[in-house]
Amino acid sequence: MLQLQIIRENKEAILEALKKRNFDAKPLIESILDLDEKRRSIQTNLDATLAESNKLSKEIGMLFKSGKAAEANTLKTKTADLKETSKKMGDDLNATVEALQNQLYQIPNIPHPSVPAGNTDEDNEEIFKEGDIPTLVENALPHWELAKKYDIIDFELGSKITGAGFPVYKGKGAKLQRALISYFLDKNTEAGYAEVQPPLVVNEASGYGTGQLPDKEGQMYHIQVDDLYLIPTAEVPITNMHRGDLLNEKDFPITYTGYTPCFRREAGSYGAHVRGLNRLHQFDKVEIVRIEHPNNSYQALDNMVEHVKDILRDLKLPYRILRLCGGDLGFTSALTYDFEVFSTAQDRWLEISSVSNFETYQANRLKLRYKDENGKSQLAHTLNGSALALPRVLAGILENYQTADGIKIPKVLVPYCGFEEIN
RNA sequence: GGAGGAAUGGCAGAGUGGUCGAAUGCGGCAGUCUUGAAAACUGUUGAGGGUCACACCUCCGGGGGUUCGAAUCCCUCUUCCUCCGCCA
């Protein structure tokens with residue numbers, strides 16, 4: 001959520017910047033500024049009424065004390081009137097504040113200056129590419145066929161138990177999952193991220209805090225009886241650990257890593273692009289989250305990018321990094337880098353990580369602040385990234401590491417797996 | 001599941017109807033002392049709205065009520081603690 005004060009002061013610049021998202025914010029912002037003005041005018045009137053009422057109350061108290069009950073009682077009738085008006089104004093104020101809030105929720109984050117203009121993922125800007133694309137055996141198979149051939153992931157079985165998009169990992173497939181999780185967590189903790197295991201279910205306030213609510217509730221599984229949501233990413237519970245905090249400057253940086261399953265309803269389309277592990281309702285992910293001083297957040301973003309690079313180098317997977325264009329940028333993000341692994345067997349790039357700086361957008365909703373050197377409270381910056389999301393990494397490994405007689409395990413994972421090949 | 005108790009500023013913790021945005025301690029900040037630091041001492045220090053700046057307003061877990069007036073009384077929700085029961 002953008003800060004009102006910034007909207008007030010930089011209206012034109014914001015409108016211009018949001019054009020990159022192909023988002024015409026003009027009507028919303030006009031309306032927000034109107035509501036803001038209305039709110040302040042109601043507030044001023046209400047404050048004056050309350051001030052008078054407070055003053056009278058004090059006088060009444062004094063009159064009673066000095067035994068002048070009759071005078072006190074005449075004043076009482078005055079305060080009754082004031083009370084009625086202030087109640088009306090209070091209701092009016094609440095309604096205005098709520099309308100204002102709802103509209104503020106509808107404005108996406110301002111893209112960072114480096115974000116390229118564009119409409120779709122075609123317009124994303126490739127900024128880095130590394131790793132050799134392997135030459136595969138003839139008749140190389142996509143991962144969903146490899147999974148069947150070696151009996152390591154069973155999609156039909158998952159459909160039977162739950163539904164499409166909930167695979168069952170079996171045998172060496174299950175072990176490889178566990179190995180990846182351990183390896184990622186080790187890698188992240190070595191880099192200084194503190195490991196946490198958060199709840200997999202969150203309340204409504206947490207959903208609002210990181211921006212999944214309102215509007216995007218369709219993407220989350222909602223447990224109605226208890227009014228709780230299954231997390232779509234560990235970003236939600238981990239970032240919300242600091243909701244409402246007032247930090248000291250020396251608390252920065254705050255860095256976490258956590259493994260969680262993630263749940264996404266995303267009805268989505270059908271066909272090759274969502275086959276197998278390409279898109280699931282439940283998948284595993286190891287996430288990194290940072291809370292940073294505004295001066296340092298882009299440095300931190302770069303660090304996160306370097307860290308993810310390092311993991312992909314370890315795994316020896318060919319990958320590229322994209323700077324997302326305005327049209328593809330997430331609602332709450334100011335700048336996002338996507339990592340994609342090339343799958344030779346599918347002949348396409350698979351998104352395996354997304355690293356973002358949200359600047360103050362989430363912090364404003366979270367009321368996550370720090371005291372600056374002057375003792376003033378300021379909003380912190382929040383960032384997060386996948387390090388990494390499992391399914392497509394797994395797909396990339398299965399597809400790129402396949403040979404005529406089996407699937408080699410990347411060297412770095414062998415100690416975690418306890419085997420060198422799936423055959 | 002049953003019975004009690006509690007929720008106050010960054011933290012701990014007083015405060016049971018007006019003089020309370022709130023004692024005290026810790027922490028933070030500034031200063032004195034010191035070559036420097038620590039200790040000690042002195043001062044300062046809640047958040048939000050509003051204003052050029054003041055004034056002023058709101059906030060004592062959330063919501064509602066009683067009252068001229070609520071941190072304080074009532075209702076309700078949430079969370080935590082203690083005891084009993086059940087259970088991995």
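Side chains included, hydrogens not; waters and symmetry mates left out as well; all remaining heavy atoms used. In what follows, chains are A, B, ... by sequence order, proteins preceding strands, each numbered from 1.
The C1' atoms of rG17(B) and rC26(B) are separated by 31 Å, rounded to the nearest whole Å. For the P atoms, the distance linking rA71(B) with rC80(B) amounts to 27 Å, nearest Å. One C1' atom belongs to rU35(B), the other to rA53(B), and the distance between them is 44 Å to the nearest Å. For rG27(B) and rG13(B), the C1' atoms lie 14 Å apart once the distance is rounded to whole Å. Rounded to whole Å, the C1' atom of rC60(B) lies 11 Å from the corresponding atom of rG46(B). Comparing the C1' positions of rA6(B) and rG61(B) gives a spacing of 11 Å, expressed to the nearest Å. Taking atom C1' in both rC75(B) and rA70(B), one finds a spacing of 15 Å when rounded to whole Å. For the C1' atoms, the distance from rG21(B) to rU66(B) is 23 Å, rounded to whole Å.
Along RNA chain B, the nucleotide nearest Gly61(A) and the nucleotide nearest Lys376(A) are compared for position; the residue whose nucleotide lies closer to the 5' end is Gly61(A). Residues Lys76(A) and Asn54(A) each lie close to RNA chain B; by heavy-atom proximity, the contact nearer the 5' end of the strand is made by Asn54(A).
Using a 4.0 Å cut-off, no side-chain N or O of Ser53(A) falls inside it from OP1 or OP2 of rG69(B). In terms of phosphate contacts, Arg8(A) brings a side-chain nitrogen or oxygen within less than 4.0 Å of OP1 or OP2 of rG50(B).
When distances run from any side-chain atom of Lys87(A) to the nucleotides rG65(B), rG49(B), rA47(B), the shortest one goes to rG65(B). Residue Arg40(A) has its side chain nearest to rG50(B) when only rC57(B), rA47(B), rG50(B) are considered. Closest to the side chain of Lys371(A), out of rG28(B), rA47(B), rG18(B), is rA47(B). Checking rG10(B), rG48(B), rG65(B) against the side-chain heavy atoms of Ser377(A) singles out rG48(B) as nearest.
Phe128(A) carries Lys309(A) over the face of its six-membered ring, with the cationic atom under 6.0 Å from the centre and within 45° of the normal. Judged by a 6.0 Å distance limit and a 45° cone about the ring axis, Lys172(A) is positioned over the six-membered ring of Phe419(A).
Across all strands shown, rC73(B) pairs with rG65(B); the Watson-Crick or G-U wobble distances both stay below 3.5 Å. Look at rC52(B): it lacks any Watson-Crick or wobble partner with both distances under 3.5 angstrom. rC29(B): Watson-Crick or G-U partner is rG43(B), with both key distances under 3.5 Å. Taking a pair to require two hydrogen-bonding distances under 3.5 Å in either a Watson-Crick or a G-U wobble arrangement, rU24(B) pairs with rA12(B). With a cut-off of 3.5 Å on both pairing distances, the Watson-Crick or G-U wobble partner of rA7(B) is rU78(B). Remark: rC83(B) base-pairs with rG2(B). Criterion, Watson-Crick or G-U wobble with two distances under 3.5 Å. Judged by Watson-Crick or G-U wobble contacts below 3.5 Å, the nucleotide rG17(B) has no partner. When Watson-Crick and G-U wobble pairs are counted only if both distances are under 3.5 Å, rA38(B) pairs with no nucleotide at all.
Remark: Glu16(A) engages Lys19(A) in a salt bridge, criterion side-chain N to carboxylate O under 4.0 Å. A salt bridge links Arg40(A) and Asp36(A); the closest N-O separation between the charged side-chain nitrogens and carboxylate oxygens is under 4.0 Å.
The two atoms that bring Leu35(A) and Thr96(A) nearest to each other are O-CG2, 3.6 Å, heavy atoms only. The shortest heavy-atom contact between Arg323(A) and Ser114(A) is CD-O, 3.2 Å.
Looking at heavy-atom distances under 4.0 Å, Thr79(A) makes contact with sugar-phosphate atoms alone, never a base. Within 4.0 Å (heavy atoms only), Leu56(A) reaches no atom of the nucleic acid at all.
Atom-to-atom, NZ of Lys250(A) to P of rC11(B) comes out at 14 Å; the value is rounded to the nearest Å. Taking atom CZ of residue Arg369(A) and atom P of nucleotide rG49(B), one finds them 9 Å apart after rounding to whole Å. Taking atom CG of Leu82(A) as the reference point, atom P of rC57(B) lies 13 Å away to the nearest angstrom. Atoms CG (Asp245(A)) and C1' (rG46(B)) sit 15 Å apart, rounded to a whole Å. Rounded to a whole Å, the CZ atom of Arg243(A) is 18 Å from the P atom of rG61(B). Taking atom CD of Glu249(A) as the reference point, atom C1' of rG28(B) lies 12 Å away to the nearest angstrom. If you take NZ of Lys367(A) and P of rG48(B), they are 10 Å apart, rounded to a whole angstrom. Separating the CG atom of Leu4(A) from the C1' atom of rG48(B) is a distance of 13 Å, rounded to the nearest angstrom.
In the interface, the side chain of Asp47(A) is paired with the base of rG49(B) through a donor and an acceptor atom under 3.5 Å apart.
The environment of Glu98(A) atom CD is sparse: at most 12 non-hydrogen atoms of other residues, nucleotides or ligands sit within 6.0 angstrom.
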Problem - Residues Asp34(A), Ser31(A); criterion side-chain hydrogen bond (donor to acceptor under 3.5 Å, both in side chains); working and verdict - result: CA-CA 5 Å; Asp34(A) 283 350; Ser31(A) 161; over 6 Å; no
